[in-house]
Amino acid sequence: MVLPNHHSCFRLRVLAAVIAASAVAGCGGGGSDGGASANQSGSREGATTDAQEDAGDPSSSTTNVEISGTAIKGRMMKALVTAHPVVPGPGGKPVVRDQPLGEPVRTGEAGEFSLSVPEDREGWVVLRLSVDDQTRMICDVPEGCTDPRTGETRAFGQPVSLRADLSLSTAHDPRSNGNAHLSPLSDLALARARQSEQGLTGAGLRAAYRETDEAFGLAPDTIRNTRPADLTALNQATDSTQAVRVAVTNAAFLAWANGSAGMTLSEVLTEARGQVQARGGLELHSDDGATVNQLSIIEASADLSNALSARTGDALSVVLNNSENWAVERFEQTASQAGLITGPQPEPEPEPAPAPEPEPEPEPAPEPEPEPEPEPEPEPEPEPEPEPEPEPEPEPEPEPEPEPEPEPEPEPEPAPEPEPEPEPEPEVPAQAAKLSWDAPLTRVNGDAIKMGEIGGYKLKYGQDPENLEQSVDIADAHQTEYLLEDLEEGEWHFTVATYDTEGRHSRPSNAASKVIEAP
């Protein structure tokens with residue numbers, strides 16, 4: 001089918017649009033990982049009770065491990081964060097225990113938090129965010145947010161209160177060296193893991209996060225390992241391309257709520273979570289635009305990038321324009337794969353006109369009767385012939401002009417040599433990992449760094465995320481990818497750091513990981 005184009009932000013690149021949005025809703029709160037918020041009580045589906053496992057006394061632990069992270073949709077200030085262990089449930093299937101490991105902590109002004117869990121426990125934890133009267137969120141939608149408590153519209157970058165039923169969640173491995181990030185996308189990834197066959201196992205959680213990355217066109221492990229950028233205070237020195245992309249995708253849920261028919265952010269996130277738990281992912285599109293869907297969120301991401309690029313400087317505007325182009329391409333790709341966008345249909349050929357009937361031939365006219373021949377007149381006498389005039393002498397013929405020499409024919413231009421077809425990228429072997437990264441534009445202190453000042457990159461990798469023993473030195477500033485081969489079975493972790501021509505090294509990046517299966 002050919003779909004109508006309705007959205008100006010997609011310019012001529014979007015062949016069609018499938019999202020119909022109607023007016024206006026507030027900017028409230030929404031949903032959780034299927035559990036209750038801090039001000040709710042009672043048991044929860046998929047959660048254990050005290051009879052299934054005793055919580056123990058967290059204060060009795062002699063050593064703890066710190067879990068740090070952020071809560072951004074935009075920045076969530078003074079929200080409550082608790083850690084809940086993933087433990088064996090009925091039939092051995094992992095579930096989330098209702099009782100937290102210790103007391104809740106509040107997020108700071110930048111949405112940051114840090115809490116402790118016992119060091120001697122094994123397995124993942126689920127972090128839950130809930131809100132109360134003290135909680136505020138920074139509005140990260142350019143057209144503003146409606147405060148659910150006062151009904152007033154708060155401008156972009158201003159704090160807004162939240163509905164009490166808003167909650168977010170994410171899963172985290174305390175043994176990893178990365179941070180935990182709470183957002184709408186992490187909430188959907190956790191919901192995807194709950195309904196999968198592997199469930200809340202380590203392998204099931206990692207797979208669910210990567211499937212959610214892929215659904216929205218993000219690089220693998222972006223949702224789990226990348227801190228979303230603060231769209232109200234973008235920083236070229238610290239905000240990577242992936243950080244901006246995951247941030248505009250998270251903000252798109254609020255932007256879509258503002259444009260939907262009477263839905264709040266809380267209702268949008270609750271509906272999205274329900275779709276994922278029921279069918280393993282968001283609906284691809286909605287015919288009437290009344291329900292949240294994957295294509296409408298991607299479309300809202302492009303619109304947000306376009307609107308934000310007008311508010312920023314030249315360098316950040318380039319990053320946001322790239323983000324808009326990425327969202328538009330992802331929209332077209334997803335819609336095309338689903339058969340929602342097709343090329344123009346050929347016009348039918350006109351039927352040939354019927355041949356005209358031949359006209360009847362006219363009857364021949366009758367031949368006229370012959371007229372009688374007249375009698376011949378007598379011939380007159382011949383007149384005497386005149387004397388012949390002398391013939392004039394012939395004029396001399398002009399000499400013929402010499403024929404012009406023919407112009408030399410131009411030599412034919414040589415035929416252009418055919419361009420060689422690009423070689424297809426080789427597939428990454430099963431026992432290998434291909435790493436890629438972006439060259440930094442600035443130093444740690446914010447000063448710009450030129451490519452000529454970059455000495456190279458230091459890759460570290462290993463199976464112990466806290467002790468990456470193996471390393472590779474790449475002394476080429478322009479090489480931004482590397483293939484590590486002959487990796488043994490198991491989960492491998494990788495970091496990259498930049499060093500300049502004077503030998504100064506940056507901090508290593510957040511660790512990426514890949515599971516190598518047995519050959």
Side-chain angles (χ1 to χ4, degrees), residues 5-11 14 17-30 72-77 111 131 135-163 166 183-185 216 228-234 239 244-269 271-272 286 289-313 316-317 319-328 330-331:
N5 182 4
H6 82 284
H7 214 290
S8 60
C9 290
F10 277 47
R11 305 190 188 98
V14 172
V18 295
I19 310 301
S22 39
V24 56
C27 121
I72 293 188
K73 206 273 46 70
R75 281 184 285 133
M76 308 284 285
M77 303 179 298
V131 304
T135 308
R136 295 293 183 271
M137 181 188 75
I138 298 300
C139 177
D140 59 353
V141 177
E143 62 266 26
C145 305
T146 301
D147 191 309
R149 298 181 187 275
T150 65
E152 299 176 352
T153 300
R154 301 295 185 186
F156 177 79
Q158 296 300 311
V160 60
S161 62
L162 299 166
R163 284 178 35 159
L166 177 103
S183 69
L185 289 179
F216 290 95
D230 180 359
L231 297 179
T232 65
L234 288 172
D239 294 332
V244 173
R245 289 179 179 178
V246 74
V248 296
T249 306
N250 280 318
F253 286 88
L254 176 55
W256 191 84
N258 283 349
S260 63
M263 295 183 72
T264 65
L265 176 61
S266 172
E267 293 166 337
V268 169
L269 294 179
E271 180 184 310
S286 170
T291 57
V292 63
N293 56 86
Q294 186 174 324
L295 285 176
S296 66
I297 296 301
I298 297 174
E299 181 188 28
S301 302
D303 292 348
L304 276 171
S305 300
N306 179 274
L308 290 169
S309 65
R311 294 174 167 265
T312 58
L316 284 171
S317 181
V319 174
L320 288 163
N321 283 335
N322 289 339
S323 178
E324 179 188 4
N325 294 338
W326 155 78
V328 170
R330 184 61 182 170
F331 182 97

(request) Can you sort out the partners of E271 under side-chain hydrogen bond (donor to acceptor under 3.5 Å, both in side chains), two or more places apart, ordered by chain and number? (result) Q275
(request) Look up atom CH2 in W326 and atom OG in S301, then write down how far apart they are to the nearest 0.5 Å. (result) 5.5 Å
(request) Sequence neighbours left out, what passes salt bridge (Lys or Arg N to Asp or Glu O under 4.0 Å) with R75? Give chain and number order. (result) D230
(message) So, taking the atom named CH2 in W256 and the one named OG1 in T291, what distance separates them when rounded to the nearest 0.5 Å?
(response) 6.0 Å
(request) Please report the closest heavy-atom contact between A247 and A229, naming both atoms and the distance. (result) CB-O, 3.2 Å
(message) Going by the rule salt bridge (Lys or Arg N to Asp or Glu O under 4.0 Å), which residues pair with R154 if we only count those two or more places apart in sequence or in a different chain?
(response) D147, E152
(request) Take R149 and V160 through the side chain to side chain contact (heavy atoms under 4.5 Å, CB included) test and state the conclusion after the steps. (result) CA-CA 9 Å; R149 298 181 187 275; V160 60; over 6 Å; no
(request) Quick one: list whatever passes side chain to side chain contact (heavy atoms under 4.5 Å, CB included) with L185, sequence neighbours left out. (result) S183, F216, L218, I223, V246, T249, N250, F253
(message) Can you confirm whether P148 sits close enough to L162 that some side-chain heavy atom of one is under 4.5 Å from a side-chain heavy atom of the other?
(response) no
(request) Report yes if some heavy atom in the side chain of L166 is under 4.5 Å from a heavy atom in the side chain of L269; otherwise report no. (result) yes
(request) Compare all side-chain heavy atoms of V131 with those of R136 and state whether any distance is below 4.5 angstrom. (result) no
(request) List the atom of A302, the atom of E324, and the distance in Å for their closest heavy-atom pair. (result) O-CG, 3.6 Å
(message) Minimum heavy-atom separation for L254 and C145, please, with both atom names.
(response) CD2-SG, 3.6 Å
(request) Quick one: closest heavy-atom pair of A252 and L304, and the distance? (result) N-CD1, 3.6 Å
(message) Among I138, T232, V141, which residue satisfies the side chain to side chain contact (heavy atoms under 4.5 Å, CB included) criterion with F156?
(response) T232
(message) Using every non-hydrogen atom in the two residues, find where P142 and L308 come nearest and quote the distance to one decimal.
(response) CG-CD2, 4.0 Å
(message) To the nearest 0.5 Å, what is the distance between CE on M137 and CG on L265?
(response) 6.5 Å
(request) Quick one: list whatever passes side-chain hydrogen bond (donor to acceptor under 3.5 Å, both in side chains) with T135, sequence neighbours left out. (result) D132
